[in-house]
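What follows is a set of notes on a single structure, which appears directly below.
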Amino acid sequence: MGTMIIDGRKIEFTDEKNVLTVIRKAGINIPTLCYHSEVSTFGACRLCTVEDDRGKTFASCSEKPRDGMVIYTNSGRIKKYRKLIVELLLAAHCRDCTTCVKSGECVLQELAHRLGVQNIRFKNTREHYELDTSSPSLVRDPNKCILCGDCVRACEEIQGIGALGFAFRGTEAIVMPAFNKKIADTQCVNCGQCRVYCPTGAIAIKTHMDEVWEALADPNVRVVAQIAPAVRVAVGDHYGLTKGKSVMGKIVNALHRMGFDEVYDTTFSADLTIMEETKEFLNRVEKGENLPLLTSCCPAWVKFITDQYKEYVPNISTCRSPQGMMSAVIKEYFRDPEHAAGKKTVMVSIMPCTAKKAEAIRPNSFTDGEQDTDIVITTTELLRMIDNFGLDFATLDPEACDMPFGFGSGGGVIFGVTGGVTEAVLRRLSPDHSKEAMHEIAECGVRGEEGIKEFTVPYKGMDINVCIASGLANARTVMERVKNGEANYHLIEVMACRRGCIMGGGQPTRSGDRTKAARARGLYNADNTMIIKKSDENPLVLELYEGLLKGKEHHLLHNEFYI
Ligand code: HC1
Ligand code: SF4
């Protein structure tokens with residue numbers, strides 16, 4: 001605790017971990033390319049350098065605040081230094097900005113503009129590197145890498161995977177997977193967190209927008225969309241609307257205007273997942289088999305288990321993810337010649353997640369030899385499509401999804417935030433749907449930002465031990481405890497991305513701490529407005545079990561195997 005003078009103003013600090021945080025608290029958006037509060041401090045980019053009253057310069061991210069410090073964040077010397085850093089970075093950087101997939105979201109581009117860098121006086125002496133397109137979800141372009149190490153730390157510290165690292169030194173330094181492997185040949189789980197942290201286009205989403213446009217232009221094709229829970233709270237702020245507020249109705253309108261024939265809500269199949277997963281869970285508890293049950297809706301987590309904890313593969317729920325269930329059910333619905341009306345159905349899934357692209361092509365995401373989800377685009381790609389079409393999104397009127405798969409319960413909506421799946425399961429297990437009962441479940445320990453949450457809930461005379469983790473480094477801690485017999489859980493929910501799908505690898509990246517909280521609040525608020533909170537009270541789901549699903553539940557909603 002103490003006081004600092006920043007640019008002539010007195011600023012108090014308490015437990016801020018570095019000077020940079022205090023400067024930002026003072027309302028000065030000091031630039032950085034390598035500082036993120038959730039990973040370790042690297043201090044490589046030096047852009048946050050400031051000057052003190054004795055003329056000493058230092059990187060503010062790496063200095064602890066001290067009482068009495070006098071700091072200048074924008075002295076003439078500092079301004080020159082910052083501009084030179086960006087100029088040098090740009091000199092060694094591919095400058096295809098107009099065609100770069102990151103254009104408009106690139107921090108380096110923004111800084112060049114903000115700091116007034118208009119001339120590059122130095123020559124690029126770096127060699128040209130091949131693109132790595134081996135991943136189903138991401139493209140790595142080392143020519144755009146500025147060696148900030150953000151991706152390396154995100155993959156290592158948040159995900160505990162370590163698929164990326166630094167190689168060589170000096171001007172030869174480069175970020176690459178170990179032994180110069182292709183990223184697809186590592187234990188990368190396609191989560192896209194490296195892409196979220198990457199300030200430039202060095203790691204970008206592998207886009208599939210052209211395939212969608214092609215399908216939309218084909219008169220013989222019925223293009224069907226499903227929209228994941230977390231997408232609706234990550235679109236509005238791009239168009240100047242309230243951060244985190246659900247704009248589902250506007251998204252539905254936008255998709256209809258682009259030419260989508262049917263627009264459905266993945267919360268519907270999240271309800272189906274809850275029905276099947278709860279059944280499976282109770283069955284395993286009764287038999288005492290394959291416990292703890294591991295949730296299966298997050299494909300990055302499923303890959304993590306199948307790659308690194310093979311002995312726990314039988315514990316993974318056999319339920320397909322909501323994405324998988326939705327696509328399988330819709331494809332089955334349109335197999336009926338009357339519904340098909342002579343058209344081929346192309347299923348487009350709009351997800352906050354890059355790993356869903358990998359899930360869609362997993363061998364167990366096919367039914368009767370046909371791929372269930374044909375194309376997966378991320379929220380970021382959705383924004384590009386809306387912009388490309390020229391829609392004035394902010395002024396679009398909200399529209400409802402189409403029937404019969406366009407409605408989900410509140411339980412389905414909260415899937416997009418960590419703990420949501422478990423909360424929906426607990427709602428399903430509750431015989432009571434009163435406000436009080438829902439409130440009690442929400443308060444049992446299932447909500448909150450912690451990376452690992454543990455609690456026990458009573459159910460019919462027994463205690464159910466639950467663990468919820470987000471971030472795969474946290475998931476590893478949990479699995480090690482299970483493996484070593486230090487924990488005895490019945491149910492483990494994991495979402496690979498910290499805080500769940502709201503912070504997925506395919507979401508728009510201009511997000512600060514407030515965005516994370518706003519997106520979570522947006523989903524809980526959307527749930528608050530739902531009359532039906534429990535998946536088992538969704539009338540469309542109940543109707544489906546009596547109709548199309550009869551005798552086909554296992555075939556359409558479960559997996560026989562994991563790879
Ligand atoms: Fe998710 Fe899921 S919640 S995995 O985070 O179970 O991507 O939003 O669609 O499938 O419903 C993602 C989100 C999403 C699935 C659901
Ligand atoms: Fe690591 Fe995830 Fe990036 Fe793969 S996608 S390199 S696992 S952060």
Side-chain angles (χ1 to χ4, degrees), residues 39 132 134-140 150-165 175-178 183-184 186-198 203 205-206 226-234 265-274 277 295-304 307-308 317 319-327 349-360 365 373 376 378-379 408 411-421 424 470-473 493-497 499-507 519 523 535:
V39 292
D132 181 351
S134 63
S135 158
S137 308
L138 301 159
V139 175
R140 255 185 9 93
D150 292 0
C151 58
V152 176
R153 283 171 293 137
C155 188
E156 177 66 43
E157 296 174 21
I158 298 177
Q159 300 302 55
I161 302 285
L164 299 165
V175 169
M176 57 162 64
I183 192 77
T186 68
Q187 289 190 324
C188 168
V189 295
N190 308 306
C191 69
Q193 287 304 303
C194 49
R195 169 261 162 191
V196 168
Y197 277 75
C198 175
I203 302 183
I205 296 167
K206 186 176 260 184
Q226 60 164 309
I227 306 168
V231 172
R232 67 203 67 195
V233 292
D265 193 341
T266 311
T267 61
F268 167 81
S269 48
D271 282 338
L272 274 178
T273 303
I274 290 304
E277 203 156 326
T295 56
S296 58
C297 33
C298 170
W301 153 243
V302 168
K303 186 167 189 295
F304 175 76
D307 281 354
Q308 303 200 33
S317 162
C319 291
R320 296 184 188 197
S321 73
Q323 168 178 280
M325 288 193 184
M326 184 67 127
S327 297
S349 157
I350 304 172
M351 293 281 139
C353 169
T354 46
K356 287 284 171 192
K357 291 178 186 267
E359 179 189 299
S365 297
T373 309
V376 178
T378 57
T379 315
V413 172
I414 56 175
F415 257 58
V417 59
T418 175
V421 178
S470 69
L472 290 175
E493 172 192 326
V494 173
M495 288 295 177
C497 300
R499 301 175 180 80
C501 296
I502 50 169
M503 299 311 289
Q507 295 282 61
R519 286 181 187 167
L523 284 188
S535 304

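Order of appearance sets the numbers: ligands from 1, and atoms from 1 within every ligand. All residue numbers refer to positions in the sequence shown, counting from 1. Remember, it's a predicted structure, so these values are computed and weren't measured experimentally.
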Quiz item: Backbone N or O of Cys497 within a donor-acceptor pair of the Trp301 side chain at under 3.5 Å?
Solution: no

Quiz item: Can we say Asp265 and Arg232 salt-bridge, meaning some charged N sits less than 4.0 Å from an Asp/Glu carboxylate O?
Solution: yes

Practice problem: With heavy atoms of Cys297 as the reference, note each atom of ligand 1 found under 4.0 Å away. | Solution: 4 (S), 6 (O)

Quiz item: Taking Ser296 for the side chain and Arg320 for the main chain, is one N or O donor matched with an acceptor at less than 3.5 Å?
Solution: no

Quiz item: With no hydrogens and no angle check, is any side-chain donor or acceptor of Gln159 less than 3.5 Å from a backbone partner on Ala496?
Solution: yes

Quiz item: Nearest protein heavy-atom contact for atom 5 (O) of ligand 1: which residue, which atom, what distance?
Solution: Cys501 SG, 1.0 Å

Quiz item: Judging by distance only, is a nitrogen or oxygen of Met495 under 3.5 angstrom from one on ligand 1?
Solution: no

Quiz item: Going by the atom numbers of ligand 1, which of them fall below 4.0 Å from some non-hydrogen atom of Cys353?
Solution: 7 (O)

Quiz item: Side chain of Arg499, backbone of Gly471: donor and acceptor closer than 3.5 Å?
Solution: no

Practice problem: Heavy-atom contacts with Ser321 under 4.0 Å: which atoms of ligand 1 show up? List them by number with element. | Solution: 10 (O)

Practice problem: Look at the N, O or S atoms of Cys188, main chain and side chain alike, and state whether any lies under 2.8 Å from atom 2 (Fe) of ligand 2. | Solution: no

Quiz item: If you measure from CD on Gln193 to CZ on Arg153, what distance do you get to the nearest 0.5 Å?
Solution: 14.0 Å

Self-check item: ligand 1 atoms in contact with Ala270 (distance to a heavy atom under 4.0 Å)
Solution: 11 (O)

Exercise. Within a distance under 4.0 Å of any heavy atom of Pro229, pick out the atoms of ligand 1 and give their elements.
Key: 8 (O), 9 (O), 11 (O), 13 (C), 14 (C), 16 (C)

Self-check item: Any N/O pair Lys356/ligand 1 closer than 3.5 Å
Solution: yes

Self-check item: Atoms in ligand 1 with a heavy atom of Met351 nearer than 4.0 Å
Solution: 7 (O), 9 (O)

Quiz item: Counting N and O atoms only, with roles assigned by atom type, does the side chain of Ser269 sit under 3.5 Å from a partner on the main chain of Gln323, one being a donor and the other an acceptor?
Solution: no

Practice problem: Of the side chain and backbone of Thr186, name the one, both, or neither that has a heavy atom under 4.0 Å from an atom of ligand 2. | Solution: neither

Quiz item: In terms of atom number and element, which parts of ligand 1 are under 4.0 angstrom from non-hydrogen atoms of Gln323?
Solution: 10 (O), 15 (C)

Practice problem: Would you indicate which of Gly160, Gly192, Cys497, Gly162 comes nearest to atom 5 (S) of ligand 2 when only heavy atoms are counted? | Solution: Gly192

Quiz item: Nearest to atom 3 (Fe) of ligand 2 by heavy atom, Ala358, Cys194, Ala355: which?
Solution: Cys194

Self-check item: Pro322: numbered ligand 1 atoms lying under 4.0 Å from its heavy atoms
Solution: 6 (O), 10 (O), 11 (O), 15 (C), 16 (C)

Quiz item: How long is the gap from CZ on Arg195 to OG on Ser137, to the nearest 0.5 Å?
Solution: 11.5 Å

Practice problem: Starting from atom 3 (S) of ligand 1, locate the nearest protein heavy atom and write down its residue, its atom name and how far away it is, to 0.1 Å. | Solution: Phe415 O, 3.4 Å

Quiz item: Of all the non-hydrogen atoms in the protein, which one sits nearest to atom 9 (O) of ligand 1, and at what distance?
Solution: Ala228 CB, 3.1 Å

Self-check item: Closest protein heavy atom (residue, atom, distance) for atom 7 (S) of ligand 2
Solution: Val189 N, 3.4 Å

Quiz item: Is a donor on one side and an acceptor on the other found under 3.5 Å between the side chain of Lys303 and the backbone of Cys188?
Solution: yes

Practice problem: Would you mind checking if Lys356 and Glu359 are paired as a salt bridge, meaning a charged N to carboxylate O distance below 4.0 Å? | Solution: yes

Quiz item: Quick one: does Cys298 get within less than 4.0 Å of ligand 1, heavy atoms only?
Solution: no

